Amino acid sequence: MVEHARNSRLSRRSVLVTPAAVAGGAVLSGSASAPEKAGVVRQITLYAEPLPGDLYGYGLAPGEATIPGPLLEIYEGDTLEIELVNNTDKRLSIHAHGVDYDVNSDGSPLNDSFNEPGETRTYTWRSRKQVDIGGNRFLPGTAGYWHYHDHALGNDHGTIGIQKGLYGGLIVRRRGDLIPDRQFTVVFNEMLINNKKAPNTPMFEARQGERVEFVCIGHGNLPHTFHLHAHRWADTRTGMLTGANDPSPVIDNKNLDPGSSFGFQVLAGEGVGPGAWMYHCHVQMHSDQGMVGLFLVRNPDGSMPPGAQAAIDRFRQHHHVAAPQADHSNHHG
Amino acid sequence: MVEHARNSRLSRRSVLVTPAAVAGGAVLSGSASAPEKAGVVRQITLYAEPLPGDLYGYGLAPGEATIPGPLLEIYEGDTLEIELVNNTDKRLSIHAHGVDYDVNSDGSPLNDSFNEPGETRTYTWRSRKQVDIGGNRFLPGTAGYWHYHDHALGNDHGTIGIQKGLYGGLIVRRRGDLIPDRQFTVVFNEMLINNKKAPNTPMFEARQGERVEFVCIGHGNLPHTFHLHAHRWADTRTGMLTGANDPSPVIDNKNLDPGSSFGFQVLAGEGVGPGAWMYHCHVQMHSDQGMVGLFLVRNPDGSMPPGAQAAIDRFRQHHHVAAPQADHSNHHG
Amino acid sequence: MVEHARNSRLSRRSVLVTPAAVAGGAVLSGSASAPEKAGVVRQITLYAEPLPGDLYGYGLAPGEATIPGPLLEIYEGDTLEIELVNNTDKRLSIHAHGVDYDVNSDGSPLNDSFNEPGETRTYTWRSRKQVDIGGNRFLPGTAGYWHYHDHALGNDHGTIGIQKGLYGGLIVRRRGDLIPDRQFTVVFNEMLINNKKAPNTPMFEARQGERVEFVCIGHGNLPHTFHLHAHRWADTRTGMLTGANDPSPVIDNKNLDPGSSFGFQVLAGEGVGPGAWMYHCHVQMHSDQGMVGLFLVRNPDGSMPPGAQAAIDRFRQHHHVAAPQADHSNHHG
Ligand SMILES: [Cu+2]
Ligand SMILES: [Cu+2]
Ligand SMILES: [Cu+2]
């Protein structure tokens, strides 16, 4: 009944590459008064691999590549050293948004920063805190909902690598930020979500009241808008407001255009109850052609709420009914 | 000379579904120290009807459907119960952005939430205030410039219903927010504004110095940018800044992509004087093909300022002169 | 080796039309406590001229037109009187975003505000500070990263004038804002940057640690996203944060759609070191077809950092390798 086991597993927790920090109660409790800690250096190995269907993915171990790749997460101040193993026969790389890197870790052929087929290469990403320079001015820190992607497969801009699945989410968290119970990465890539089309798009699952974090990333050539039913967020760094007078708009629909990313946390089903809630691109033709998925909010005890299974069945059986003018020649493939 | 009588009438005040609150002097005066009041429950009936030209609309009484539908407005904390009467021979629904609703009021076929032809069904929308959860964190409230639209006509995403006019604006106001003198809803829907093309797009009218509220909504398949001449606003929840150090950008051009909405208030003609000011999509081909209209700022006494009538005449007579490369085969239809 | 001499010269400083203010130490030092000064009136003359390749440009003297036109800059409160000399055989105008102007300075044919061929006409732009109206509400001032463009060549919306180069940046600075060492205007106009395609797009140059200001403007018919490698900024009025609790997102990729503009300051190479850093549209097909350029961060002494010349050579020689599916029929023209 509930598929996407691999996605579910991955979505429980990102690759929190600072486990020591997470183990600290202060951070886990999300206290804003967590003591400052010096940044740490974390090392991981990523494996770029071919996947069925002429696709590619990044994974944390050989044979475990996924689309999107693992959700990487560090704390502001940390450094992440990524040993990228290229287990494909193509030139490829990893390029990060948001973090600091020198030209050797740019991931661009421009800077001769890529892996030849079979090659292993280390990319180093650093992060830093905001800096008060006086006069009510702070140089921005690195905290944010970012992403990484290939920048070398097929051409100098990674166009083919991205198209075929070489991308993933990257969170740089500020110490004291709230830690979610569940994390979901949603990538709008051409007419697909995480390179899938409905009804095969991911079904994200949580229990009523759990703190859920969405990391949304845009790729490809088309403009999109991400919409989530029955939940909303502030258009800020965290998705929350910082005070009663915070001027930020609250939204439930946001542009997710190529290269952009944002994230937010919601309490699943808060104020609206459990159920099968749609998330989709609000460009009508895109949702009609399959850019839609389900956010299943279960009862607090994990059981299915009334009507949810019927909605899931409906989604799987009838989603394909789209606008008459739409071309669905390859929709049932 | 001044057409669009129906639009003018509608634009004076939205369907302020909490008249009791509005009658209170504190809210009308816009005082930030207005005493908190418990939310109220308001009931309205909306009628979905066919309109000439193979269009559809929502209205507050039989035979009064408009495109866009009535501008709905509540205060944060209020509940709105909408009895939707489907006076058409199509399946349709009403789906809201921004507010709380359970699966039965989702308005989506996924959740079996729609009106069969001839059916009446009640949709309940709730709203709530922001919640201080400590650590400089507030869960966002519902206040914002939102919208509603069909989610069931033609397919499971309301693609045809939206295309044919089933949409409108929804404001959730925070107590103490300033109340405008005039309100205008602007919907960029495919290549049309409120399903009209210039010179038949709405001419919004106000007197110099009046507080005017624009509610802007995007629909369809295309990206757009809303631009208003000679006026600007802050990219915040209200369009105003909250202090001398508010970091928000001030803008006069903003993406208005499918499913997105925003709003703002300006003082008509402030600093620039009365006149016929253009509002338009800044995508050149879109404005060339008719996504342009007029914001007529009259003199304080309501008379026409010098040159305004000439500008209106020019707009009506000559607007059709567009870029040579544009296709205007159906432009004079 | 380093080309684009004209661009380099222009980019050093914008046409700061309030030189007296700049000469004042308070402003140059960026002190937030700079004494308030009354706005001044500045007069400049702009010349619209034909340029080779069926293009047009604005310039500060006859024969000096450039694409983009000169970067204009005033302080909030100042007035700018522009005498526009039309040295072309086409009807054209200048229309500003963000500032105040009456109908005669609208720059639109709608308001009979344009220059006939050979005609000289004065356009007046005013600016003003934000106004505290109580209740934590401020009417926005004019400070921002704006732009100007033709609104009359070819049709009533300036579609042809914009397409052919009649556009430029406009900064309205708040007193106390930090003054940059270098300024660069980046205009995404259809599939071109500043009406150029790679490898002929501008190479922006700075020394490690210099304060660099980017002014980004979108034009034409297509949605774009501006991405800068190895640097990021806050999505605020200035690109900086205003405090430790400022909720604004920090980004390195932002929509740059027609009619929109934004700006930010970065310290060149801060935290990442010198080198040849890419800036590009992140719509893959757009970067593949030439919407990409270089931000060359030199060593502090102005010398070339290791690898930078090789990267520049690579960019010039190999940029043209694009996605297989892309059409490059006119790419080597
Ligand atoms: Cu989409
Ligand atoms: Cu448009
Ligand atoms: Cu682009």
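None of the values given here were measured: they were computed from a predicted structure. Below, chain A is the first sequence line, B the second, and so on; all start at residue 1.
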S.K.: Decide if the gap between the ring center of B:F226 and the ring center of B:H282 is smaller than 6.0 angstrom.
M.R.: no
S.K.: Non-hydrogen atoms of chain B under 4.5 Å away: do they reach the side chain of C:S260, the backbone, both or neither?
M.R.: both
S.K.: Please look at C:T242 and chain B and tell me whether the side chain, the backbone, both or neither of the residue comes under 4.5 angstrom of a heavy atom of that chain.
M.R.: both
S.K.: Would you mind telling me which of C:L110, C:D102, C:V103 has the largest number of heavy-atom pairs within less than 4.5 Å of chain B?
M.R.: C:L110
S.K.: Mark yes or no for whether C:N194, through its side chain, and C:V187, through its backbone, hold a donor-acceptor pair below 3.5 Å.
M.R.: yes
S.K.: Can you find a heavy atom in the side chain of B:V186 that is under 4.5 Å from one in the side chain of B:I217?
M.R.: no
S.K.: Answer yes or no: is there an ion pair linking C:E116 with C:R91, defined by an N-O contact shorter than 4.0 Å?
M.R.: no
S.K.: Do the side chains of B:R174 and B:R237 get nearer than 4.5 Å, heavy atoms only?
M.R.: yes
S.K.: Is it the side chain or the backbone of C:D246 that comes within 4.5 Å of chain B heavy atoms, both, or neither?
M.R.: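 Interface part for C:D246: side chain.
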S.K.: Using non-hydrogen atoms only, which part of B:L267 is less than 4.5 Å away from chain C: side chain, backbone, both, or neither?
M.R.: side chain
S.K.: Tell me, side chain or backbone of B:H224 under 4.5 Å from chain C's heavy atoms, or both, or neither?
M.R.: neither
S.K.: Considering only heavy atoms and a distance below 4.5 Å, find which of C:A143, C:G98, C:S261, C:S108 pairs most often with chain B.
M.R.: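 The residue among C:A143, C:G98, C:S261, C:S108 with the greatest pair count is C:G98.
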S.K.: In terms of heavy-atom proximity below 4.5 Å to chain B, should C:I133 be classed as side chain, backbone, both, or neither?
M.R.: side chain
S.K.: With rounding to the nearest 0.5 Å, note down the distance linking NE2 in C:H219 to CG in C:D150.
M.R.: 9.5 Å
S.K.: Check whether B:P274 gets within reach of chain C through its side chain, its backbone, both or neither, counting any heavy atom under 4.5 Å.
M.R.: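 Looking at B:P274, just its backbone touches chain C.
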S.K.: Heavy atoms only, distances under 4.5 angstrom: which of B:G273, B:P223, B:A230 has the most pairs with chain C? Name it, please.
M.R.: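 It is B:A230.
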S.K.: Examine distances only and state if a side-chain atom of C:S93 and a backbone atom of C:G107 form a donor-acceptor pair shorter than 3.5 Å.
M.R.: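 Judged by distance alone, yes, a pair lies under 3.5 Å.
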S.K.: Under 4.5 Å from any heavy atom of chain C, what part of B:A308 do you find: side chain, backbone, both or neither?
M.R.: neither
S.K.: Which one wins on heavy-atom pair count under 4.5 Å against chain C: B:A311, B:G275, B:G239, B:G243?
M.R.: B:G243
S.K.: Please flag which part of C:A234 lies under 4.5 Å from any non-hydrogen atom of chain B: side chain, backbone, both or neither.
M.R.: neither
S.K.: Pick from C:E73, C:E76, C:R128: which one makes a side-chain contact (heavy atoms from CB on, under 4.5 Å) with C:V172?
M.R.: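 Exactly one candidate clears the test, C:E76.
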S.K.: Please look at B:Q265 and chain C and tell me whether the side chain, the backbone, both or neither of the residue comes under 4.5 angstrom of a heavy atom of that chain.
M.R.: neither
S.K.: Is the ring centre of C:F214 less than 6.0 Å from the ring centre of C:F262?
M.R.: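 That pair fails the under 6.0 Å test.
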S.K.: Please identify, among B:K254, B:M278, B:Q284, B:H280, the residue contributing the most non-hydrogen atom pairs under 4.5 Å to chain C.
M.R.: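 Result: the option with the highest number of such pairs is B:Q284.
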S.K.: Counting heavy-atom pairs under 4.5 Å with chain B, which one of C:G220, C:G158, C:G144, C:S105 comes out on top?
M.R.: C:G220
S.K.: How close do C:I74 and C:S127 get, heavy atom to heavy atom, and via which atoms?
M.R.: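 Nearest heavy atoms, C:I74 then C:S127: CD1-OG, 3.8 Å.
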S.K.: Does any heavy atom of chain B fall under 4.5 Å from the side chain of C:L241, the backbone, both, or neither of them?
M.R.: neither
S.K.: With a 4.5 angstrom heavy-atom cut-off, could you sort out which part of C:N104 is near chain B: side chain, backbone, both or neither?
M.R.: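 Nothing of C:N104, per the 4.5 Å heavy-atom cut-off to chain B.
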S.K.: Name the one of C:H95, C:H149, C:H147 that satisfies ring pair (Phe, Tyr, Trp, His ring centres under 6.0 Å) with B:H227?
M.R.: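 Output: one option passes, namely C:H95.
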S.K.: So for C:N111, is it side chain, backbone, both, or neither that comes closer than 4.5 Å to the heavy atoms of chain B?
M.R.: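 The answer is both parts of C:N111.
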S.K.: When you measure from the side chain of C:N189 to the backbone of C:I162, do you find a donor-acceptor pair of N or O atoms at a distance under 3.5 Å?
M.R.: yes
S.K.: Which residue is it: C:R173, C:R42, C:R175? I am looking for the one with a salt bridge (Lys or Arg N to Asp or Glu O under 4.0 Å) to C:D78.
M.R.: C:R175
S.K.: Can you tell me which portion of B:H229 sits under 4.5 Å from chain C's heavy atoms? Options are side chain, backbone, both or neither.
M.R.: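 Both parts, heavy atoms under 4.5 Å.
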S.K.: So which part of C:P109 gets closer than 4.5 Å to some heavy atom of chain B, the side chain, the backbone, both or neither?
M.R.: backbone
